[in-house]
Amino acid sequence: MLDIQKIRDDFPILSEKVNGKPLVYFDNGATSQKPQIVIDAIATYYQEINANIHRGVHTLSQLATDAYEISRVKIQHHINAKFSHEVLFTSGTTHGINLVTNGFASILKPGDEVIVSSLEHHSNIVPWQMLCEKTGATLKVIPMNEDGELIMDAFDALLSEKTKVVTVNHISNALGIINPIKYIIEKAHVVGAAVLIDGAQAVPHLKPDVQDLDCDFYAFSGHKMCGPTGTGILYGKEDWLNKLPPYQGGGEMIKEVTFEKTTYADLPHKFEAGTPNIAGGIVLGTAVDYLNNIGFHNIQKQEEKLLEHATKRLLEIEGLKIYGTGKNKASVVSFNIDGIHPYDIGSIIDKLGIAVRTGHHCAQPIMNFFCIPGTIRASFSFYNTIEEIDIMVEAVKKAKTMLS
Ligand code: C6P
């Protein structure tokens with residue numbers, strides 16, 4: 001069992017007051033809080049080894065380069081990638097997805113099809129729409145049911161030899177539904193399509209095994225898993241990364257440059273033009289160590305308890321409806337109260353120190369499906385407690401009374 005109080009002591013912000021009340025932070029889906037070890041590691045980097053990487057022969061540059069590459073290997077092992085050069089540092093999930101869609105612009109042709117799901121975040125819709133506009137390919141959408149689950153029969157029916165890419169999130173940010181990605185990957189491969197998994201909401205809760213999943217790409221953000229903002233990873237299978245053209249041109253992504261022709265560096269550098277977020281990349285490794293020390297098994301156990309308790313307690317409130325009632329769920333509860341705008345509830349409970357997200361959660365098609373403007377989303381992390389959930393439930397009740 002986790003000693004939650006001890007874990008909470010690792011996160012200085014959790015003992016802050018907001019609007020004069022102890023902070024109850026339930027907006028972990030947007031970004032997680034950072035443990036002191038991560039905060040300290042950023043300062044240590046700048047105090048002790050700050051230098052540009054892969055460039056200098058001087059000692060500091062070597063030290064920074066080594067730390068950056070050690071972090072890459074750490075993340076390779078964390079997600080079980082076959083090679084460290086399949087692990088690309090990015091600024092986040094959005095960057096990773098755009099890198100891939102940019103690459104597919106030179107592969108897709110009119111008549112080709114890209115399948116996305118109805119549960120996607122805008123980051124995994126818009127880049128594919130832009131790609132389809134550019135190439136003449138067609139975007140197809142896996143529908144969902146009232147429980148917020150993707151309909152697999154409909155997915156099977158969408159697949160054909162025209163399908164070139166299938167992309168779906170591992171866990172829905174708006175509803176918390178965990179998608180059957182192994183099935184999706186397997187089926188997509190039967191028709192020869194590449195598969196990108198948006199793992200943004202999965203990596204805080206579980207350890208993805210990219211070889212076992214057999215996905216072609218897996219994108220995620222560091223800031224949702226206790227790491228610094230402006231960090232992320234795109235995993236890509238070596239073959240695919242060799243096939244795709246570079247995303248950006250610039251320093252460090254080249255072998256040789258003349259005015260007649262440029263040849264590109266080997267992986268991973270081909271996709272890492274310019275000076276990267278060096279401190280962020282190194283400290284993402286620190287965050288991964290921190291989470292592994294807690295243990296994903298322990299994280300999941302704690303989060304399951306929180307999800308169960310929150311679901312039960314919230315449903316005690318008359319007129320409250322939860323969206324995303326499928327069986328396989330991460331610790332996210334998205335809800336509304338009859339006749340009350342989610343924003344109004346969010347604003348009132350914020351005054352009581354409770355941070356939740358309200359609105360469409362950058363997933364407007366999901367809101368359109370349910371014919372609602374948005375939801376109140378409470379997204380829990382392992383450092384949250386049952387007591388905090390009770391505080392939120394009482395606050396929501398109070399807000400309901402005020403607004404009814
Ligand atoms: N979702 C949320 O509150 P970036 O911004 O690149 O780090 O992550 C984008 C992104 C992509 N896919 C999914 C499934 C996501 O949840 C997110 C980010 C946050 O739900 C902020 S909008």
Side-chain angles (χ1 to χ4, degrees), residues 25-34 75 88-102 116-130 141-142 144 148 150 166-179 181 184 195-206 208 215 217-235 247 276-277 280-281 283-284 287 323-324 326 328-335 342-343 346 350 354-367 374-381:
Y25 187 76
F26 287 161
D27 197 15
N28 295 287
T31 197
S32 71
Q33 295 303 346
K34 319 301 171 201
I75 294 157
L88 311 181
F89 281 109
T90 63
S91 65
T93 310
T94 306
H95 176 184
I97 294 169
N98 277 275
L99 187 158
V100 175
T101 57
N102 177 76
V116 300
S117 94
S118 47
L119 281 178
E120 298 313 302
H121 183 281
H122 298 163
S123 286
N124 204 30
I125 300 174
V126 183
W128 298 104
Q129 277 175 329
M130 290 160 66
V141 184
I142 312 170
M144 64 194 258
L150 296 179
V166 174
T167 183
V168 63
N169 57 38
H170 196 160
I171 297 181
S172 151
N173 71 315
L175 306 180
I177 295 290
I178 304 173
N179 288 315
I181 57 167
I184 290 172
V195 184
L196 180 143
I197 301 297
D198 170 353
Q201 294 293 337
V203 289
H205 308 294
L206 56 86
C215 53
F217 303 97
Y218 194 101
F220 59 96
S221 302
H223 68 92
K224 294 190 198 287
M225 55 184 308
C226 296
T229 51
T231 63
I233 295 293
L234 175 69
Y235 159 80
Y247 181 38
N277 180 354
V283 178
L284 179 54
Y323 298 88
N328 229 353
K329 267 190 80 169
S331 51
V332 174
V333 189
S334 227
F335 62 94
Y343 178 84
D350 170 55
I354 301 160
V356 291
R357 186 169 172 188
T358 57
H360 56 60
H361 314 300
C362 301
Q364 281 180 351
I366 300 180
M367 303 305 136
T375 68
I376 302 146
R377 183 189 69 179
S379 49
F380 311 118
S381 179

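All heavy atoms count here, side chains included; hydrogens, waters and symmetry mates do not. Atoms within each ligand, like the ligands themselves, are counted from 1 in listed order.
If you look at His360 next to ligand 1, there are no close heavy atoms at all, none under 4.0 Å. Using a 4.0 Å cut-off between heavy atoms, Cys362 contacts ligand 1 through its side chain alone, with no backbone atom that close.
Close approach of ligand 1 to Ala30 is summarised as follows: ligand atoms under 4.0 Å from at least one heavy atom of the residue are 2 (C), 3 (O), 19 (C). Of all atoms in ligand 1, listed by their number and element, those nearer than 4.0 Å to a heavy atom of Ser123 are 9 (C), 11 (C). Which parts of ligand 1 touch Gly29 is read off a 4.0 Å heavy-atom cut-off, strictly below it: atoms 2 (C), 3 (O), 19 (C), 20 (O). In the vicinity of Asn173, heavy-atom distances shorter than 4.0 Å reach the ligand 1 atoms 2 (C), 16 (O), 20 (O).
Of the protein's non-hydrogen atoms, Arg357 NH1, 2.5 Å is the one closest to atom 3 (O) of ligand 1. Among protein heavy atoms, the minimum distance from atom 11 (C) of ligand 1 is reached at Asp198 OD2, 3.4 Å. Looking only at heavy atoms of the protein, atom 8 (O) of ligand 1 is closest to Ser221 OG, 3.6 Å. Here the heavy atom of the protein found nearest to atom 5 (O) of ligand 1 is Thr94 OG1, 3.7 Å. Among protein heavy atoms, atom 15 (C) of ligand 1 sits closest to His121 CD2, 3.3 Å. What sits closest to atom 16 (O) of ligand 1 on the protein, heavy atoms only, is Gln201 NE2, 2.7 Å.
Atom CG in Leu284 sits 4.5 Å away from atom OG1 in Thr231 (nearest 0.5 Å). If you take CZ on Arg377 and NE2 on His360, they are separated by 12.0 Å, rounding to the nearest 0.5 Å. Between Thr93 atom OG1 and Asn173 atom CG the span is 10.5 Å, to the nearest 0.5 Å. Between the OG1 atom in Thr375 and the NE2 atom in His361 there is a gap of 2.5 Å [rounded to 0.5 Å]. Put simply, CD1 on Ile366 and OG on Ser117 are 7.5 Å apart, with the number rounded to the nearest 0.5 Å. Atom OG of residue Ser379 and atom NE2 of residue His205 lie 7.5 Å apart, to the nearest 0.5 angstrom.
Of the candidates His361, Glu120, His223, Lys224, the one placing a heavy atom closest to atom 1 (N) of ligand 1 is Lys224.
For the residue pair Tyr247 / His95, no side-chain donor-acceptor distance below 3.5 Å is found, with atom types taken as modelled.
No heavy atom of His122 sits closer than 4.0 Å to any atom of ligand 1.
No side-chain donor-acceptor contact under 3.5 Å links Ser221 to the backbone of Lys224.
Considering only heavy atoms from C-beta on, Pro365 comes within 4.5 Å of Ile125 through its side chain.
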